[in-house]
Amino acid sequence: MKAQPTTEQAVKTSACQVLGTLGWQFLSPRQALEARAGKAHSVVLTEILRQQLAQFRFVHTGKHYPLSGHTIDALIAQLANPALNEGLLAVNEKLYNHLLYGLTVTEFINGKKVSPTVMLIDWHHSAANQFHVVQNFEVAPAGISAGGSKGSRSPGLVCFVNGIALGIIEVASPERQTGSRPTVQEAIAQSLRNQWPGEIPALYAYAQLLLAIDGQQGLYGTCGTPAEFWAVWREEDLPAAQQADCPQNELLISLLTPERLLELTRFFILFDQKAGKVVARYPQVFGIKRLLERIQRKNQRPENPRRQGGVIW
C-alpha cells in the first residue's frame with residue numbers, strides 16, 4: 001500500500017500530483033501573481049482570462065467575430081471587482097449566474113450595434129477551457145501588498161478555470177491532530193474562517209466547490225456550508241482503473257476531474273432562500289443521472305413504447 005503523506009506540504013504535493021494526472025496545469029505562486037498583474041488582492045488570473053476571451057467568437061449575419069479589446073477590458077474589470085458590500089452569498093450567486101449564462105456586451109459591426117452574450121466557460125467542450133492549479137495562493141485584502149504581509153492568507157490549493165477560481169482546497173497537516181478531532185476538521189475551519197468579511201471573501205465569491213483534505217480523508221462543501229454539513233463522496237461512475245487508494249484521492253478524482261467539475265457546477269448547485277447555497281451529495285447526483293437515463297430509454301417492445309418508470313428512495 002502506498003504510504004500516506006505525513007506533513008502539510010506532503011499532502012499538497014500529493015494532491016497536486018493527482019490533479020496533474022487529471023489534466024490540471026500547475027502554476028507556481030510567482031506565476032500566479034504575474035497572471036494577476038502583481039496584485040495580491042486580485043483573485044482573478046486576469047491574463048489567463050484575457051487569453052480565453054480573446055478566443056471567443058460571436059456570430060452576426062452568419063459571420064464570426066472576435067471581441068474588441070475594449071469589451072475584453074470591460075469584462076475583466078467587471079468580473080475582477082465583485083461588490084462584496086452586498087454580502088458574500090449574494091455576490092457568489094450573481095457570479096454563478098454570470099458563469100452559467102454569460103454576460104451580454106455591446107459591440108459594433110460596420111457601425112451597427114450588436115449585443116452578443118459572452119460565455120466565460122465552455123460548458124459543452126471541457127477541452128476548450130484552461131485548467132490551472134496554484135499551491136499556496138496568497139491573497140491579501142485590498143490595499144495590502146504581497147510578500148507575507150499581515151492579514152494575507154494562502155489557501156492550500158486553488159483550482160482555476162479560465163483564470164476564475166472555481167475550486168478551493170484547504171489542507172491540514174496530519175501532524176496537527178489533537179485528541180479525537182480529525183485533522184480534516186481543521187481544514188474546514190480554515191475554509192470557513194477565510195470566508196469571513198475581515199479575511200479573504202473575494203476569493204470565495206467565485207468558488208463552487210470547497211474541499212478539505214488531510215492526507216487521507218477528504219470532505220467537500222460549497223460557499224457558506226456549515227462545518228457539520230461537509231460531506232464525503234462515494235463514486236459510482238469511474239472505471240476500475242481510476243479508482244483511488246484513499247478517501248482523499250477519491251474526492252479529488254471524483255470532484256475535480258475537469259468534466260465532473262463543470263457538470264457539478266452547471267447542474268448540481270442551487271441557491272435557496274432558507275438553506276443558502278447547496279451542492280448535491282453523491283446519492284442525489286447519481287440518482288438524478290440514473291433517473292434521466294431511465295426516462296430517456298423507451299421500452300423496446302413495439303406494442304408498449306412507453307418510457308420506463310421507477311422510484312428513487
Side-chain angles (χ1 to χ4, degrees), residues 4-20 22 24 26-29 32 40 43 88-89 92 131-141 148 151-161 164-178 181-233 244 246-256 261 264-265 269 276-277 279 281:
Q4 299 297 333
T6 58
T7 67
E8 183 173 325
Q9 183 55 48
V11 175
K12 294 176 184 177
T13 300
S14 175
C16 278
Q17 291 172 344
V18 172
L19 292 173
L22 300 177
W24 293 84
F26 180 78
L27 291 180
S28 69
V43 297
L88 177 56
L89 192 60
N92 189 274
F131 298 88
H132 294 89
V133 59
V134 181
Q135 189 177 149
N136 300 325
F137 183 72
E138 183 180 7
V139 182
S152 64
R153 298 291 187 187
S154 300
L157 297 163
V158 181
C159 297
F160 294 87
V161 180
I164 301 170
L166 296 195
I168 303 173
I169 307 172
E170 275 296 350
V171 180
S173 170
E175 298 175 328
R176 287 209 300 266
Q177 184 162 340
T178 56
R181 184 178 185 181
T183 54
V184 72
Q185 295 296 329
E186 298 291 342
I188 292 173
Q190 292 172 27
S191 182
L192 294 176
R193 176 206 63 196
N194 287 343
Q195 297 174 53
W196 294 348
E199 296 288 339
I200 54 170
L203 179 62
Y204 293 81
Y206 306 86
Q208 306 306 319
L209 289 183
L210 306 180
L211 280 66
I213 59 175
D214 66 0
Q216 184 170 356
Q217 301 299 316
L219 299 173
Y220 76 101
T222 190
C223 183
T225 302
E228 62 268 27
F229 293 122
W230 286 57
V232 298
W233 183 271
C246 74
Q248 170 180 302
N249 289 346
E250 181 177 12
L251 186 75
L252 294 171
I253 294 170
S254 298
L255 299 189
L256 295 179
L261 173 60
L264 290 176
T265 299
I269 285 176
K277 187 176 184 181
V279 58
R281 299 191 178 188

- Task: Begin from the C-alpha positions of Thr222 and Thr225 and carry the test side chain to side chain contact (heavy atoms under 4.5 Å, CB included) through to its verdict.
- Result: CA-CA 6 Å; Thr222 190; Thr225 302; 3.4 Å; yes
- Under the side chain to side chain contact (heavy atoms under 4.5 Å, CB included) rule, what do Leu203 and Val158 come out as? Steps first, then yes or no, please. CA-CA 9 Å; Leu203 179 62; Val158 181; 4.3 Å; yes
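Side-chain contact of Gln17 with Thr13: a donor-acceptor pair under 3.5 Å is absent, judged by distance alone.
Formation of a donor-acceptor pair under 3.5 Å by the Thr265 side chain with backbone atoms of Leu261 is found in this model. In this structure a side-chain-to-backbone donor-acceptor pair under 3.5 Å is present from Trp24 to Leu256. With hydrogens and angles ignored, the 3.5 Å screen pairs no side-chain donor or acceptor of Ser173 with any backbone N or O of Thr7. Between the side chain of Asn92 and the main chain of Tyr204, a donor-acceptor pair closer than 3.5 Å is present. A distance-only check finds a donor-acceptor pair linking the side chain of Gln248 to the backbone of Gly215 [under 3.5 Å].
When all heavy atoms of Ala202 and Val43 are compared, the pair lying nearest together is O-CG2, 3.7 Å. When all heavy atoms of Val184 and Ala212 are compared, the closest pair comes out as CG2-O, 3.3 Å. Nearest approach of Gln9 to Asn136, heavy atoms of both residues: OE1-ND2, 4.2 Å.
Of the options Glu199, Glu138, Gln190, a side chain to side chain donor-acceptor pair (under 3.5 Å) to Arg153 is made by Glu199 and by none of the others.
Between Asp214 and Val11 the shortest side-chain heavy-atom distance does not fall below 4.5 Å. Side-chain contact between Leu219 and Val232 is present, with at least one heavy-atom pair separated by less than 4.5 Å. For the pair Ile200 and Pro155, the minimum side-chain heavy-atom distance is below 4.5 Å. Contact annotation: the side chain of Leu251 never approaches that of Gln217 to less than 4.5 Å [non-hydrogen atoms, C-beta and beyond]. Looking only at side-chain heavy atoms (C-beta outward), Gln216 and Pro174 stay at 4.5 Å or farther from each other.
Put simply, CG on Leu192 and CH2 on Trp230 are 6.0 Å apart, with the number rounded to the nearest 0.5 Å. To the nearest 0.5 Å, atoms CD1 (Ile188) and CD (Glu170) are separated by 11.0 Å. The CD1 atom of Ile169 lies 13.5 Å from the CZ atom of Phe137; values are rounded to the nearest 0.5 Å. Atom SG in Cys223 sits 10.0 Å away from atom CD1 in Ile269 (nearest 0.5 Å). The SG atom of Cys159 sits 9.5 Å away from atom CG of Leu209, with the distance rounded to the nearest 0.5 Å.
With sequence neighbours excluded, the residues forming a side chain to side chain contact (heavy atoms under 4.5 Å, CB included) with Pro201 are Leu84, Leu88, listed by chain and number. Remark: Lys277 pairs with no residue by the salt bridge (Lys or Arg N to Asp or Glu O under 4.0 Å) rule, at least two apart or across chains.
Shown here is Phe26, whose CZ atom has more than 12 heavy atoms of other residues, nucleotides or ligands within 6.0 Å.
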